[in-house]
Engineer: 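Got a structure here, written out as structure tokens. Questions coming.
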Number of protein chains: 2
Amino acid sequence: MGKKLLDTSPTERADAAANRQRILAAAEQLFAEQGPQITMSDLAAAAGVGRGTLYRRYPDVASVAIALLDVHEQALQQQLLAGPPPLGPGATPRERLAAFYEAMVDLLERHLPLALGAELGSTRFTTGAYGFWRAFIASQVRDAGLRDDTLPDVLLAPLAPEVYQYQRHERGRSVSEVKAALERLAVVLPN
Amino acid sequence: MGKKLLDTSPTERADAAANRQRILAAAEQLFAEQGPQITMSDLAAAAGVGRGTLYRRYPDVASVAIALLDVHEQALQQQLLAGPPPLGPGATPRERLAAFYEAMVDLLERHLPLALGAELGSTRFTTGAYGFWRAFIASQVRDAGLRDDTLPDVLLAPLAPEVYQYQRHERGRSVSEVKAALERLAVVLPN
DNA sequence: AGGCAACTGGACACGATGTCCACTTATTCG
DNA sequence: CGAATAAGTGGACATCGTGTCCAGTTGCCT
């Protein structure tokens, strides 16, 4: 007997699993092609499934984007937890923060449409990923000898996808310029 | 003969001016009561005018919020340009930046629903006000001896209304905690 | 093989948007 | 003062996206 452990797929039927793949594949392409302004109807049509089928799994476009981003974010999270310095443990808090900024910029640069799509409707802070980033920064703040629970959110704010998009494509800044500006922030952590 | 100088009101008719006031008054109240999620229909109904009348002046809710915010923002802008230190000229860049953060937090605290309403649809960066804030910070960055055109946008990011709302009402931080965290950022400017 | 439950797709009702235009009103000018 | 005219008004309309719902289908297990 199949036990129900996850609400998403305790024992997902074969056709259902196939449809999930088609949805995710279509979403990846749609996001890349036309940016974050895609609708559930678009997505259903592109995936070749009915709207009801799509809604069965994902309540809105943001959820789909989050699911796609998740894969890429987990790689970075692993690096932070157990990778080599300066991302992983071993470097000073300031160095780790700077390395984190650089890695996040790389991630944003590669997946900007997804990142933008993931926060349609102020989902930004409720994402599991956001909590992870904050926990990481909070840990660096503490290791640096500071006692400030609010600072992590402040230090994360410049990584908002909209800010990054604005800097890159509205203001025309280069990737390394953005990185340089962000890494300046790392000096708020005493050495 | 009346010359057409402004697209909004070269020679605004008396009844039109009255309606504009009713719209702005109704908007101020609606934003305060039910947050930023008000619709053009709501607003028209609350102001006691038809939808067509409302659309004649404001293309969307964000525009109305921006118009309302503008009044309050101009006061701060005046202080930055010609007020007494530490906001106005005379203090060190670092001090002025810190004072700016504090003043902006006060403004956000007082008008958060408006600030949230003003950026429905990523209008954030295209506002005239945003340009002013950036120019101010850019000037402080320069006066501190740095040459970094990207830093101002980074330093402004934590002032995004959504970030402030999250810190205050989701995370339960106090006004002074937020101020303290922000003022820590000022150390990126050398003294 | 057969029955059940998961799954599917599209129709539906709803709410918001932005436009359009016939009508009304303020203002100007003879 | 009383047309004439342009500015202003309000609500109907068409459109679009959303989210729900359910009758019919299909995979899977025994």
Side-chain angles (χ1 to χ4, degrees), chain A residues 1-27 30-31 34-66 116-123, chain B residues 1-27 30-31 34-67 116-117 119-123:
Chain A
M1 65 191 79
K3 289 190 183 177
K4 305 223 168 192
L5 296 175
L6 287 171
D7 54 337
T8 39
S9 65
T11 316
E12 196 175 49
R13 235 168 65 173
D15 54 346
N19 275 340
R20 157 171 283 127
Q21 288 314 317
R22 297 173 68 185
I23 290 172
L24 289 176
L30 269 192
F31 273 117
Q34 15 179 316
Q37 264 124 6
I38 72 180
T39 73
M40 288 295 266
S41 304
D42 288 344
L43 185 46
V49 304
R51 299 170 38 73
T53 305
L54 177 53
Y55 273 102
R56 160 171 284 261
R57 296 195 176 61
Y58 304 102
D60 46 44
V61 254
S63 306
V64 184
I66 289 173
L116 289 168
E119 54 187 60
L120 300 176
S122 294
T123 341
Chain B
M1 64 193 77
K3 290 191 182 176
K4 306 223 169 189
L5 296 173
L6 288 170
D7 53 337
T8 38
S9 64
T11 314
E12 198 176 46
R13 238 169 65 174
D15 54 346
N19 274 339
R20 156 171 286 129
Q21 289 312 318
R22 296 174 66 184
I23 289 171
L24 289 177
L30 269 193
F31 273 117
Q34 14 178 315
Q37 263 125 8
I38 72 180
T39 71
M40 288 296 264
S41 303
D42 290 344
L43 184 46
V49 304
R51 299 170 39 71
T53 305
L54 178 53
Y55 272 103
R56 160 171 283 263
R57 295 193 177 62
Y58 303 102
D60 47 44
V61 254
S63 306
V64 184
I66 290 173
L116 288 168
E119 55 187 63
L120 301 176
S122 292
T123 340

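A, B, ... follow the sequence lines: proteins, then strands. Residue 1 opens every chain. Since the structure is predicted, the reported quantities are computational estimates derived from the model, not experimental observations.
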Engineer: Checking contacts here: which listed nucleotide (dA6(D), dC28(D), dT8(C)) is nearest the side-chain heavy atoms of R13(B)?
Structural biologist: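 Closest nucleotide among those given: dA6(D).
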Engineer: Please tell me if T53(A) has a side-chain N or O lying less than 4.0 Å from either OP1 or OP2 of dG9(C).
Structural biologist: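 True: T53(A) side-chain N/O within range (under 4.0 Å) of dG9(C) OP1/OP2.
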Engineer: Please report the interatomic distance CD(Q37(A)) to CG(L116(A)), rounded to the nearest 0.5 Å.
Structural biologist: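 Atom-to-atom, Q37(A):CD and L116(A):CG are 9.0 Å apart.
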Engineer: In this structure, how many angstroms lie between the C1' atom of dT20(D) and the CG atom of L54(A), rounded?
Structural biologist: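 Answer to the nearest Å: 14 Å.
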Engineer: If the condition is side chain to side chain contact (heavy atoms under 4.5 Å, CB included), which residues does A65(B) pass it with, not counting sequence neighbours?
Structural biologist: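 With neighbours one apart ignored, the set is F31(B), L114(B), A118(B).
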Engineer: What is the distance, rounded to the nearest whole Å, between atom CD of E12(B) and atom P of dA7(D)?
Structural biologist: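 Distance, rounded to whole Å: 13 Å.
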Engineer: Does N19(A) have a side-chain nitrogen or oxygen under 4.0 Å from the phosphate oxygens OP1 or OP2 of dC7(C)?
Structural biologist: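 For dC7(C), neither OP1 nor OP2 has a side-chain N or O of N19(A) closer than 4.0 Å.
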Engineer: For T123(B), enumerate each residue passing the side chain to side chain donor-acceptor pair (under 3.5 Å) test, keeping only those at least two apart in sequence or located in another chain.
Structural biologist: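 Counting only residues at least two positions away or on another chain, T123(B) forms no side chain to side chain donor-acceptor pair (under 3.5 Å).
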Engineer: Between protein and nucleic acid, restricted to nucleotides 16-18 of chain C and to nitrogen or oxygen atoms under 3.5 Å apart, what atom pairs and distances do you find?
Structural biologist:
{"residue": "dT17(C)", "atom": "OP2", "partner": "M40(B)", "partner atom": "N", "Å": "3.4"}
{"residue": "dG18(C)", "atom": "OP2", "partner": "Y55(B)", "partner atom": "OH", "Å": "3.3"}
{"residue": "dG18(C)", "atom": "N7", "partner": "R51(B)", "partner atom": "NH2", "Å": "2.4"}
{"residue": "dG18(C)", "atom": "O6", "partner": "R51(B)", "partner atom": "NH2", "Å": "3.2"}

Engineer: When the distance from OH of Y58(B) to C1' of dG10(D) is rounded to whole Å, what number comes out?
Structural biologist: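 Nearest whole value for this atom pair: 18 Å.
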Engineer: Could you tell me which residues satisfy side chain to side chain donor-acceptor pair (under 3.5 Å) with R51(A), sequence neighbours excluded, listed by chain and number?
Structural biologist: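 Expected list: S41(A).
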Engineer: What's the closest nucleotide to the side chain of R57(B) if the choices are dA6(C), dG9(C), dT9(D)?
Structural biologist: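 For the R57(B) side chain, the nearest candidate turns out to be dT9(D).
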Engineer: Please list, chain by chain and in numerical order, all residues satisfying salt bridge (charged side-chain N to carboxylate O under 4.0 Å, His left out) with R13(A), sequence neighbours excluded.
Structural biologist: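 For R13(A), the residues satisfying salt bridge (charged side-chain N to carboxylate O under 4.0 Å, His left out) (neighbours in sequence not counted) are D15(A).
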Engineer: Under the side chain to side chain donor-acceptor pair (under 3.5 Å) test, which residues partner R22(B), sequence neighbours left out?
Structural biologist: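 In terms of side chain to side chain donor-acceptor pair (under 3.5 Å), with neighbours along the sequence ignored, R22(B) is linked to no residue.
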Engineer: Hey, which of these two, A14(B) or R22(A), hits DNA chain C nearer its 5' end, going by closest nucleotide?
Structural biologist: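 Result: R22(A).
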Engineer: Side-chain N or O of R56(A) less than 4.0 angstrom from OP1 or OP2 on dC7(C)?
Structural biologist: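 Checking dC7(C) against R56(A), a side-chain N or O does come within under 4.0 Å of OP1 or OP2.
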